[in-house]
Amino acid sequence: MTLYCGVDVGAAATKVVLIDAAGELRAHGVERTGPDTARVAAETRDAVLAASDLARHAIARTCATGFGRNEVAFAEVTRTEISCHSRGCLHHFPGPMTIVDIGGQDNKIIKLDERGKRVGFKLNRKCAAGTGAFLEEIAAILDVELGEMDRLAGEATDVVRLGSFCTVFAKTEILTNFRRGDRVADIVAGAFESVVRRIVEMDPLAGNVVLTGGVVGHNPYIVGIFERVLSRSVQVPPQPQFTGALGAALVARESA
Amino acid sequence: MACGFRVFFPENHGAMLGATRRATDLIPAANAIGYSPEVCSYLTSDVGAFLKNETPMAKMPGYTFPKPDVLVYNTNQCRDVQEWMAFYQRRFGVPMLGVNTPSGLHEVTDVHVDAASRQIEAMVEPLAAITGRKLDYDRFKETVRLSRALSEKWKTVLETGAAVPTPINFFDSTIHMGPAVVLRGDTRAIEYYDLLLAELHDCIARGVGSVAEENTRLYWEGMPIWGKLREHSEFLAKQRTSVVASTYCNSWIFDAFDPEDPFRSMGRAYTEIFIARSEEWKQAYLERMIAEYKVDGILYHDAKTCPSNSNNRYGLPERLQEKTGIPYIVISGDLNDLRCYSEEQTKTNMEAFIEQLAES
């Protein structure tokens, strides 16, 4: 079996996807990126191969994407994450669409036309607001596990509004919330609301909205906020954290 | 010059501090005495250099700090220059004169030109009092004539960027513009551009581009990121992308200079510049540039400390793309303060934009 490999070296996590010649997903895996991006990329690929009993020599071509794309020595081709998220979303949904990718350190809004051609994109400003890094900071000050945030938000009975653009200011707001006696679950719900507000401020988010990225993958609660804010349903591909890696694998296949 | 002054432009020192990547170490000294990290980083770099007594100019033989006899400013670029000169005024206790030009103009009318040119004219008497010499009107006219000739020459240089492939790109031009900026009214600047033009015309004749195998042409709107000129130049060249034109380098084209009407024509020239115009006027200007230079996309630099030169903040990119179909990106950065710049994010933005243009 011939395989095509996509490696998405994100700021927080490294994702690997293997597809076959028909474009079917064969295996995938994720590891924390850490400081040694080149090593983690290779180890993540090898772990995915081992877990699925696939052989490295079956990989005909590899495409790397994400901030560490140029560090992946075994990739024959690289593409930016903007291109790969677009390609990954088009695998699941037809254009036109507006893709919202919420990653560990940044978020992106990508617009595709009816032919799937990219007509524009925006990245967040150099600021953690609206990203996974913001949620990590909030989890730390609330002394809750990042993996617990989604469940806690689901238990909220009220939403505490966090008004600041700035992550540091938001944390001091939370200290005030504590003194006022606000519940942790309600503050977590407020943190998710804050992420969505920062993204809606970036662009009108017209048409069919597709959500991708690790933050959405680990926190389905956020999907409901988008639907409420936009007053319509939004789409989420299967395993949204792997959309960029899937797109990279598809690019590898198409450029072979 | 026509008054007999030797002129120093601190903006150029600011750019020099940025290009030599010293600015980010100097700016904090100005921040510490109350100049916000949000105000012009030319100002804070230059003030920081003064406070720390550090400058690349120290390498020049015989360099000494040019203690001023008088400080002169024009707010046509921004009001920060006034505060900048005011810093040195307080330090040296010398007179400060200025021209406060109107801004946000759609049409430049006689009223606006009057406002600027009368302020320029009103400076003659106090300047003469400082030098002890009356204005040499003939030399004044000659200086304006030479400035006009230089401006025309610089314009001709930049217009070669319309050739495909372009023989000169934005990063070349940010260096070659030096004489047009500091030597207006000096024949040596004209000679410099005669030499450069000959080389550019030769490149066009031979089909030699500034970037090998150019396949994408961009327009740069906004300030350069001075400390990253080489990185950006090499990165884009690797992507076979030329930045064929820019508003920034065009800013030293002054079509209005007229030696027969020197005061008024200076007033007009310094009022009708891009930065002092309305959003509608700027959009029309960019439309002309897109067509003239056969541009595939526009890169807007949102400079943290230079709102006046960041033309992405009032919806202009969106309106221009809507009208022309020419895509754009915005990169966040700064002219000098590299604390406001993310290398990775900027390069990903640029690369993704070029990928997008290649798909179209």
Side-chain angles (χ1 to χ4, degrees), chain A residues 8-12 33 37 63-71 77-87 90 95 99 101 103-113 115-129 131 133 201-204 206 244 247-248 251 254-255, chain B residues 37-38 216 225 228 231 234-236 238-239 241 296-305 307 310 312-313 315-334 337-360:
Chain A
D8 178 2
V9 185
T33 296
T37 50
C63 173
T65 187
F67 99 97
R69 62 190 175 281
N70 293 317
E71 311 303 318
V77 57
T78 62
R79 287 284 188 283
T80 63
E81 48 272 43
I82 292 92
S83 284
C84 289
H85 275 273
S86 305
R87 185 66 195 87
L90 283 170
I99 300 164
D101 174 65
Q105 298 283 337
D106 64 13
N107 49 48
K108 317 165 190 66
I109 295 176
I110 309 165
K111 297 188 176 196
L112 307 182
D113 68 13
R115 294 168 296 151
K117 193 179 102 48
R118 180 153 34 106
V119 290
F121 66 95
K122 291 177 181 171
L123 270 65
N124 61 312
R125 299 174 299 164
K126 328 167 282 299
C127 172
T131 72
E201 286 157 6
M202 286 173 65
D203 191 88
V251 169
E254 286 151 13
S255 62
Chain B
E38 312 254 327
T216 304
I225 300 174
K228 294 289 168 183
E231 260 106 334
E234 291 181 348
F235 180 76
L236 291 171
K238 208 179 285 180
Q239 319 273 335
T241 296
D296 300 310
I298 303 181
L299 184 154
Y300 294 84
H301 172 205
D302 187 355
K304 176 74 173 172
T305 71
S310 298
N312 61 300
R313 298 188 181 184
L316 191 156
E318 286 83 354
R319 289 191 295 274
L320 189 58
Q321 180 173 353
E322 177 84 25
K323 182 159 184 202
T324 63
I326 298 293
Y328 73 90
I329 51 161
V330 177
I331 60 166
S332 296
D334 192 56
D337 193 344
L338 295 178
R339 297 174 301 181
C340 305
Y341 173 79
S342 161
E343 184 86 32
E344 188 51 45
Q345 197 179 68
T346 302
K347 286 186 173 172
T348 294
N349 240 323
M350 288 180 179
E351 191 176 339
F353 189 51
I354 294 162
E355 285 174 350
Q356 175 185 326
L357 296 173
E359 286 169 13
S360 57

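Not measured: the values here are computed from a predicted model. Just so we're on the same page: letters track the sequence lines, and every chain starts at 1.
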Would you mind reporting whether B/L236 and B/T216 have side-chain heavy atoms less than 4.5 Å apart?
-> no
Under 4.5 Å between any side-chain heavy atoms of B/I225 and B/I331, yes or no?
-> yes
Identify which part of [X] has an atom lying under 4.5 Å from any heavy atom of chain B, answering side chain, backbone, both or neither.
{"X": "A/K108", "result": "neither"}
{"X": "A/R115", "result": "neither"}
{"X": "A/E81", "result": "side chain"}

Hey, could you give me the OH/CG distance between B/Y328 and B/N312, rounded to the nearest 0.5 Å?
-> 9.0 Å
Under 3.5 Å, is there a donor-acceptor pair between the side chain of B/Q239 and the main chain of B/I354?
-> no
Hey, are B/T305 and B/D334 close enough side-chain-wise for a donor-acceptor pair under 3.5 Å?
-> yes
Chain B contacts, top residue of A/R79, A/R69, A/K117 (heavy-atom pairs, under 4.5 Å) = A/R69
With a 4.5 angstrom heavy-atom cut-off, could you sort out which part of B/E344 is near chain A: side chain, backbone, both or neither?
-> side chain
